[in-house]
Amino acid sequence: MTTDRRTVGFNFLEEPELPAPQVSEEQAEQILREHYGLQVRANSLGSQQDRNFTVVAADGSVVGVLKIANPAFNATELQAQDLAADRIAVAEPGLRVAVPLPNVAGEKCTTVTGLVDGPAYVRLLRYLPGGTLLRSGYIAPTSVAGLGEVAGRVSRALAGFTHPGLDRILQWDLRHGADVVAELISHVRHDADRTALETAARQAWTRIAQLADDLPRQAVHLDLTDANLVRGGAHVDGVIDFGDLTDSWAVAELAITASCVLGHAGSDPTSVLPAIRAFNDIRPLSNSEAEAVWPLLVLRTAVLIVSGAQQAALDPDNDYLAEQAAGELRMFEQATSVPMDVMTEVIKADLGLGRAPEVVEVATPLVDAAAVTLDLSTTSDAYDDGNWLTTDFEDAQARAAVADGAELVVTVYGQPRLNRAPRLSQDSPDVVPTGVGMWPAADMDLLAPWDGDVVDASAEAITLRGGGVELTLAGVRAMASGGVRAGETLARAAAQRWAHVSVRPVGAPVAPLFTTAELAPGWLALTRDPRPLLGLGPTEVTATSDLLTRRDASFAQVQEHYYRTPPQIERGWRNYLLSTRGRCYLDMVNNVTVLGHAHPRVAAAAARQLRKLNTNSRFNYEAVVEFSERLAATLPDPLDTVFLVNSGSEASDLAIRLATAATGRRDVVAVREAYHGWTYGTDAVSTSIADNPNALATRPEWVHTVESPNSFRGKYRGAEAVRYADDAVRQIEELIAAGRAPAGFICESVYGNAGGMALPDGYLQRVYAAVRAGGGLAISDEVQVGYGRLGEWFWGFLQQDAVPDIVSIAKSTGNGYPLGAVITSREVADRFASQGYFFSSTGGSPLSCAIGLTVLDVLDEEALQQNASRVGAHLKAGLQGLQQRHPIIGTVHGIGLYLGVEMVRDAQTLEPATEETAAICDRMLELGVIIQPTGDHLNILKTKPPLCIDVEGADFYVDTLDRVLTEGF
Ligand SMILES: Cc1ncc(COP(=O)(O)O)c(C=O)c1O
C-alpha cells in the first residue's frame, strides 16, 4: 500500500499517537453551563483519543455524554459524524442512536477556545441507557445475531452517504490494515508474537488484495462492536461513538463487528456465523465480500493487538489496557486457530454461497477390488448394545465385513462417525472424516489414478500430485517416487489394517483426518471425496436441515419440540443421546427411560415377544398375570388389583373414573400447579400454567383445587408449610358440609411440577384422612416420581408414610414403551362394574407385559433404585455446592434422581429467572447436556436422568452448569 495520500481529514499514518485532550470535570461543567444552559455534573469517562464525560442531572439521571474531540480531528470530520448519526436515526427508527443535541445557539457542534491548542470541538450526545456487552462473558448466538443485525442496518442506512469529512486515514480502516501492522509491530515485545502477527496479517492481506477491486465502498461506522452497541432489553439496539466514521469497504463493517465476538468466553471461530447471517439478511453480501470477511476479521484482530501494544508503550501503568489486551489476544488466537480458507468456506456454505462438491476424475482406479461400504453414521445398524464404545469398534466392523467376503472395506467421506464422539465432552468432537478409510482383506497394491509426480513420500505415506489435485495415502508402504504414470503401483496397503485416502486441490491446506461438524463445511469444500478413486459413487449428501420444516408441515404445531434449533437425535444409549452430527449428549431429562436408552434386555424381550404373540388382554396368556402379580407385590396392602393401560394420562384418568364409580360422586379435589395428563378427565384436574396458561380459569365445576403446597415460593414457606394441609382439610370439609363430598383427591406424592419438591411433612396423611372422612378416595399419581427414582423409596407416598386407595403409574413402567397401570384394592376395582366392563386393546398386551416384566427385572438386577439413591445424593450435594457460589440458584429441590435446580433473580423476592433458565438450557446443549426447564415459571432445571447415570455423568452435569453460570449464558 502507498501511504503518501493527502486527506481532507486526519491521517493516522502521519500522526500515529493521539493523546486525549486534557480537560477537567470543572471545565466540562462550565462548558455545559455556558453553551448548553445545563447546571449539571460532568463525570470523566476513560477514553483513548477524545475526552468524554457523562452528564448527570441533579436527580442523578444521565442526560447525555459530553465529547471534546481530539484536536487532530477537524470540524468537517465531526460534521460528517453528526450527519451520519442523524441519517441512521431517521432511516432506522428501530435503532437508538447517540445523535448530537443542540447547544443554546441551536448548533450541534460547539467551538470552544482556550481549552486546547486551537479550537476545541465539543458535542453533547444523546445518552443511551442499557449498557454494552463488553463485560459480558459468553454471548449467546441470538445476541451475536443481534450484533450483526445492527451492523447490517447501520450499513444499509449509511449506503450512499457522502461527505468530505469521510476522507481520512484511520488506523482502524482495514484498507490500511497491513500498513498499520507494519507501522506498529515494533511495539509488540515478544519475537514469537511479532512473527505470528506479521504472518497472519500478510496471509490476510494477500487474500484481501485479490478481492479489493470487487469490494464496494461506502461510509462505515467502523467500530460497531460490543463496546459501542448498547443493549435495549435482551439484544443490542443502540449505536454510539461515530468517531471512526470513514469511507471504506462496506464489508469491513461486518468483519469488525464479528471480530468482537471472539473476545468473549466460550466463543470459537464459528461463533461469529449468526452475526454474518444476520448482516447478510439485511445487507446481502456478494461472493467477494463473503470471501473477504474472514481475512478482514483476522487483519482486524492483528491491528487491535499492535495498536494495544502501542497504547501500552505510551501508557505503561494503565491496567485497563492490560485487561483489554487479554481479550484482544483471545480474539487473535481464535481468529487464527483455523486456516483462513477453511473459515471462508464455512462462511460461504452458511450463506448458501458454497459450490457443489467437485467430483475427482479418475483415469485408472486406485484399487482392483470391489469395495464394500461401512456405514458408521448415527443411524447405522452397525451399532449394537453399546459396541461402539469399544476402541477397536471400527476394526471389528471391518473384520466382520471381510469375514462376510468383502475384498475391501471403505468408510464414507464427510459422514459424522458416532463412535468417534467422546461420551462426555463440552467441545464439539472431531467426528467428520475428510477422507476415507480403507481396510483390504489381503495385501493390496494401490495404483496411480492419473499421471503425476510423487511430491512427498515417507515410510507410512505417499502424496501424488496430478490432475490439479494431491492424493495422499497414509498408513501404506510407498512404492514409487518421481514421475508416475496412471496405473503404475503407487503404494501397498497391508492386509487388515486401515489405510487413509485423502484428496485435496493443489494449494489447499492439509486437512486433519477428522474435523468437527461445525468446521466440516469448510474442510469438505477444500478436500475431495476419494470414493470415485475406489470405483464407488460419491457420498450422497442428504440435507437434514429441512426436517423441522417437514415436521411443522405434517405434525400439529401445538406438539412443541425442545429447543429452537434442536439437534437431530436418532439414537440413545444408557443416559446418552446421540445426534446425527455425531455429538453425544448427556441426557439429564429422560425420566421415562429409567433403565437407560436402548436397553438390550428390553429390546431383546420385545423382539422375542413380537415373534411369538401380541394381542389384547382378553386372551388368556401368562405375561399379563405375571406382570400384574409383580406390580401388586411392589405395593402395600390393600393395593392388590391391577388395570393395565398405555400411558400416564390414561392411568390417571382411569384412577379418577374408579373413584367416581366407587363412590357414586363426581366432585374431585386436585392440587394447583399440577399436571396429570391430556385426556378430558386428567386435563380437567391439571392446573399447571406452564402446560396451559388458562388452566385455572377454565376448570369444570366438578374440579376443586387446593393451594399448591410449594414450600419454597408458595403462600406458606419453610416451617409454615405445614399449614397447607390445614387449608386443604378445611376446604374439603367445607365441600362435604355443602353436600359436595368429593369422590377423590388426586395429587403427585412428590411435587413433580415444582422440580421434585417434597410435600410438607404429614400433608398426605391429613388430606387423605379428610377425604376419606367424607367417603372419598385418595389417588396418588406416581407417573413421574414412582418406580425407584426417589432412591430411598420405590413409591413417593412412602416418603409421606401414607397409603393411597388408588395408584396411577406409567412412563418408567415400560422404559419408554407405552405402558401404564392403575393399582387399587379389590373392593374399589369391583365397584367399577357399574361402568360396564373395562378393556384397552393394547393395554396389558403380551408385548407390554413382557417389557414391563423386563423393566422390573433390570431395575432389580442393576440395583437402579440404589443407584438413584447413591448418585442422586452425590448430584444433589454437587448442585448445592454450586448454590453457594452462584446466587442465581435459589434452591435445589428433590431427592434421589428427581431433582430441581430453581433459578431466581433475587434471593429475597424469589423473582423467577425464567429467561435466564431458557438461556442456560440452550448453552448447556451447546456444551453437551440435555436439560429442560419445568415449573409454572419455567425456572427450574428438571434434573431427572435415566437411573443408570453414574457419578461421572452427574459430575459432568454439575461442572457444565458451573461453567455456564460462571462464563455467562
Ligand atoms: C404426574 C404426571 N401424571 C400424568 C402424566 C401423563 O402421562 P402421559 O404423558 O404418559 O400420558 C404426566 C406426564 O408428564 C405426569 O407428569
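Each ligand, and each atom within it, is numbered from 1 in the order the structure gives.
Taking only nitrogen or oxygen atoms, main chain and side chain alike, Gly677 does not reach within less than 3.5 Å of ligand 1. Close N/O approach between Glu650 and ligand 1 is not found [any backbone or side-chain N/O within under 3.5 Å]. Residue contacts with ligand 1: Ser652 is placed with no nitrogen or oxygen under 3.5 Å of a nitrogen or oxygen of the ligand (distance criterion only).
Each of the following atoms of ligand 1 lies closer than 4.0 Å to a heavy atom of His676: 3 (N), 4 (C), 5 (C), 6 (C). Listed by number with element, the atoms of ligand 1 under 4.0 angstrom from any heavy atom of Ser647 are 10 (O), 11 (O). Listed by atom number, the atoms of ligand 1 under 4.0 Å from Glu748 heavy atoms are 1 (C).
At the top of the distance list for atom 13 (C) of ligand 1, counting protein heavy atoms only, stands Lys811 NZ, 3.0 Å. Shortest contact from atom 16 (O) of ligand 1 to any protein heavy atom: Gln784 CG, 3.0 Å. Looking only at heavy atoms of the protein, atom 10 (O) of ligand 1 is closest to Gly648 N, 2.8 Å. For atom 9 (O) of ligand 1, the closest non-hydrogen atom on the protein side is Ser649 OG, 4.4 Å. Protein heavy atom closest to atom 3 (N) of ligand 1, with residue, atom name and distance, is Asp781 OD2, 2.7 Å.
Residues Ser834 and Ala661 share a closest heavy-atom pair of OG-CB, 4.0 Å.
Note on Arg905 versus Glu915: salt bridge recorded, some NZ/NE/NH1/NH2 to OD/OE distance being below 4.0 Å. Electrostatic pairing of Arg740 and Glu701 counts as a salt bridge here, judged by a charged N lying under 4.0 Å from a carboxylate O. Remark: Asp726 engages Arg766 in a salt bridge, criterion side-chain N to carboxylate O under 4.0 Å. Salt-bridge check for Arg717 with Glu720: failed, with every basic side-chain N at 4.0 Å or more from each acidic carboxylate O.
In terms of modelled atom types and a separation under 3.5 Å, the side chain of Thr943 and the main chain of Leu941 share a donor-acceptor contact.
Contact of the Asn815 side chain with the Arg601 side chain is not registered, since no non-hydrogen atoms from C-beta on lie closer than 4.5 Å. Inter-residue side-chain proximity for Asn753 and Thr934 is flagged as met; some heavy-atom pair is nearer than 4.5 Å.
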